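Each remark here refers to the structure printed beneath this line.
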2 protein chains.
Amino acid sequence: MTDKTKNNSLNITAVDSSSLVDKVEQTLIDLLISEKLNPGDQIPKELELTEMLGVSRTVIREALNRLKTIGLIESTKRKGSTIKSPDLLFLLKKSLIPNILDQATLKDIFELRLVIEIGMSDLIYNRATPEDIAELEQIVATEPDSSKEVLFDVDHEIKFHGKLYQISGNHTLIDFQTILLPAFRYVYDSGMIKSPDHDSKWVSHQDLVKILKDGNANKFRNAMRKHLDRHFKGYFK
Amino acid sequence: MTDKTKNNSLNITAVDSSSLVDKVEQTLIDLLISEKLNPGDQIPKELELTEMLGVSRTVIREALNRLKTIGLIESTKRKGSTIKSPDLLFLLKKSLIPNILDQATLKDIFELRLVIEIGMSDLIYNRATPEDIAELEQIVATEPDSSKEVLFDVDHEIKFHGKLYQISGNHTLIDFQTILLPAFRYVYDSGMIKSPDHDSKWVSHQDLVKILKDGNANKFRNAMRKHLDRHFKGYFK
DNA sequence: TTATTGGATTATGTCATACATAATGCGTTT
DNA sequence: AAACGCATTATGTATGACATAATCCAATAA
C-alpha cells in the first residue's frame, strides 16, 4: 500500500516495449549497414547469431525471417543466408490491398499517379520509338467513341496509359504502375473520381499521340497535363 | 536398394519448392482479401490456425510474422492479431539501404525523382501559401553563390526541394522523399551525376520562386523542367 | 455502493530440443 | 575416371514448456 500508484509517479524513463525480435531485427539491419556488405555476402549462421546475441534460435529465426520478407536476405539449406539486393516494389505489391487501405492513402496514391504521368512525359517523348507510336495509334483506333460521353472505359484507359509507362523505359516506374493498378481501378470503381466532363481544352488520347509524333517535349508535357485535367479538377476548385 | 533413382523418372509435374511458410503466408493473404476484412477486424488465434491449416504453430507464427513485417496485421498479447491499414512506405524505408541496391535500381530511383518533381509542379502551384513562398525565399536567400560554379551543395539542394515536397501536401509523396533521400545523397556522392553546367537557359532556385509567385501553372511546370535539365542531360544526349 | 486489489484466464512471446530435408563434399567401388 | 553411397552441415518443421502482457471477475476494503 505504500506507493503502488506507479502511474502517477514521475521521472519515468519510457521503457521500450519492443519485443526481443524487434531488437534483434534492428541489430541485424545495423550490422548490414555498418559492415558495408554487398549482395552475395554471407551472414553468420543462425546458431552463431544465437551465441553472438544471446537469444534463442527462435528469436533469431523470426528476425531473419523478417529480413527475408523485406527482401534483404535469402536463405538456402546448407549454405546459410546471403545478402540480396532487395526488390523494392515486390514489397508494395504484397501490402497493397486496396480494400484495406484507408481513403486518405488511396487519394494520395491516385494523386501520385497524376504526378507521375505528367512528370513521365519527358521520358516518353525522348524514348518513344516509331513502333511505340504505331502501337499507340493502334490503341486509340480501337477506342470507344469519346465524343459521346459514354461510360468511362477503365480498361481502355489502363491500356493506353499502361503503354505510356512501358515507353518510359524506367523499370521501377513500370513495376510501380502494375502495382498501383488495383488501387487505380478501385478508385475508379468506387466513384471517388467523377466521370469526364470534357471542356473545350480537352486533350484526347488521339491528340496526345499526334503531339507525341509531331510536337516537341514541352508541348507533349503540357498536353498531358491538360489530358489529366479533369482529375485535377477534383482537387483544385 | 530397389529403385532409388527417383531423379531419372520422367513425367515430373514441377514440384513447387516453396516452403510451408510460403504457402501458409499466401493462404492467409488470400483470406484477408476474400473475406473483405477491414482494419481492426480480428483474425483467428495461432492455435486455431494451427488446427485449421494442419501445420505446426511454428509455421503459423512465421507466416504471421511476415504479415506483421509487411504491415498487414499487428498483434497484442491476449487479444490476438488484428488487421491493420498498412503504411506502404514504411517497408521501403527499411529495405532501402543504398549500398546494397544495384546501380540500375539506383538510376531508376533517381530518374523517378525527376519525374515526380516535374509532375508535382501542379500540386505545388495550386497549394503554395504566401507563407510557403516566404519560406522558399528565405531558403534561397541563404543559398551559396551559384554563379561561382562552386561545389554542388547537396544539403542546400535537399533543403529547397524538400520544402517543395512539403508544399505538395501529399503525405505519401512527402514520405517518399524522406525515404528516397539516402538514395539521392548516395547518387550525388558517388559521382554518378555530373556537376552542374549552367547553360543560358538555366533556371535557378531563385527563378523558380519568382515564377511560383508571379507566373502561372504552366510556366512553373516548364520552369521546373528546365531547372532539372542538367540531370536529364545525362540520360538523353 | 464504489473503488481497489489480487488472482485466474487467455493468447502471444520466448526458450529448448529433436528430427526432417536439401545441398555439398568426400571417399569407395566398379 | 565416373558413379554411387555416406557423412556433414545449416536451414526447415514439429512439439512441449514456460514467460509475459492484457483482460475479466470476484473478493475485499473504504
Side-chain angles (χ1 to χ4, degrees), chain A residues 1-9 12 14-28 40-84, chain B residues 1-9 12 14-28 40-84:
Chain A
M1 279 92 172
T2 52
D3 53 353
K4 287 239 175 173
T5 62
K6 314 172 196 171
N7 295 333
N8 294 338
S9 67
I12 293 294
V15 64
D16 63 340
S17 69
S18 63
S19 71
L20 256 182
V21 178
D22 289 330
K23 293 187 193 109
V24 171
E25 178 193 5
Q26 195 52 51
T27 302
L28 290 178
D41 291 352
Q42 304 225 0
I43 64 176
K45 317 297 177 194
E46 293 179 355
L47 286 178
E48 293 173 9
L49 288 171
T50 300
E51 282 194 19
M52 290 167 62
L53 302 183
V55 294
S56 75
R57 189 176 159 223
T58 305
V59 171
I60 296 291
R61 275 188 64 78
E62 294 212 350
L64 286 176
N65 202 10
R66 290 187 184 179
L67 298 193
K68 215 180 305 177
T69 303
I70 62 180
L72 280 179
I73 65 173
E74 64 187 343
S75 58
T76 53
K77 293 251 163 156
R78 163 149 182 134
K79 229 171 80 187
S81 298
T82 56
I83 308 282
K84 190 181 143 194
Chain B
M1 286 87 176
T2 52
D3 52 353
K4 287 237 173 176
T5 61
K6 315 171 196 172
N7 295 333
N8 294 339
S9 66
I12 294 293
V15 65
D16 60 341
S17 68
S18 63
S19 70
L20 256 181
V21 179
D22 290 330
K23 293 186 194 113
V24 171
E25 179 193 5
Q26 196 52 51
T27 302
L28 290 177
D41 290 352
Q42 303 224 0
I43 65 177
K45 318 298 177 194
E46 292 178 356
L47 286 178
E48 294 173 7
L49 288 172
T50 299
E51 282 194 20
M52 290 167 59
L53 303 182
V55 294
S56 73
R57 190 175 159 222
T58 306
V59 171
I60 296 292
R61 275 188 63 79
E62 294 213 351
L64 287 177
N65 200 18
R66 290 187 185 178
L67 297 194
K68 215 181 304 177
T69 304
I70 61 181
L72 281 180
I73 64 172
E74 64 186 344
S75 58
T76 53
K77 298 246 163 157
R78 169 148 182 131
K79 225 171 84 186
S81 298
T82 57
I83 308 282
K84 192 179 143 195

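Lettering of chains follows the sequences in order, A, B, ..., and the numbering in each one begins at 1. The figures that follow rest on heavy atoms only: side chains count, while hydrogens, waters and symmetry mates do not. Fair warning: this is a prediction, and the values are worked out from it, not measured in the lab.
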For DNA chain D, the residues among residues 55-63 of chain A that have a non-hydrogen atom under 4.0 Å from it = A:R57, A:R61
Can you sort out the partners of B:R78 under salt bridge (Lys or Arg N to Asp or Glu O under 4.0 Å), two or more places apart, ordered by chain and number?
-> none
Please list, for nucleotides 24-26 of chain D, all pairs of protein and nucleotide N/O atoms separated by less than 3.5 Å.
none

So, for A:K79 and A:T82, which heavy atoms are closest and what is the spacing to 0.1 Å?
-> CE-CG2, 4.3 Å
Hey, is the side chain of B:T76 poking within less than 4.0 Å of OP1 or OP2 on D:dA21, counting only N and O atoms?
-> no
Is any side-chain N or O of B:K68 closer than 4.0 Å to OP1 or OP2 of C:dG13?
-> yes
Got B:L64 and B:I43 here, is their nearest side-chain heavy-atom distance under 4.5 Å?
-> yes
Evaluate the side-chain proximity of A:V24 to A:L49: yes if any heavy-atom separation is below 4.5 Å, no if none is.
-> no
With sequence neighbours excluded, residues passing side-chain contact (heavy atoms from CB on, under 4.5 Å) with A:K68 | A:N65, A:I73, A:S75
4.5 Å side-chain heavy-atom contact, B:I60 and B:K45 = no
side-chain N/O B:S75 vs C:dA11 OP1/OP2, d < 4.0 Å | no
Please round to 10 degrees the angle between the axis of the first five pairs and the axis of the last five pairs in the helix from C:dT1-D:dA30 to C:dT30-D:dA1.
-> 0°
Atom CG of A:L47 and atom C1' of C:dA18 are separated, to the nearest Å, by 13 Å
Which pairs pass side chain to side chain donor-acceptor pair (under 3.5 Å) with one or both residues in residues 48-60 of chain B, sequence neighbours excluded?
-> B:E46-B:R57
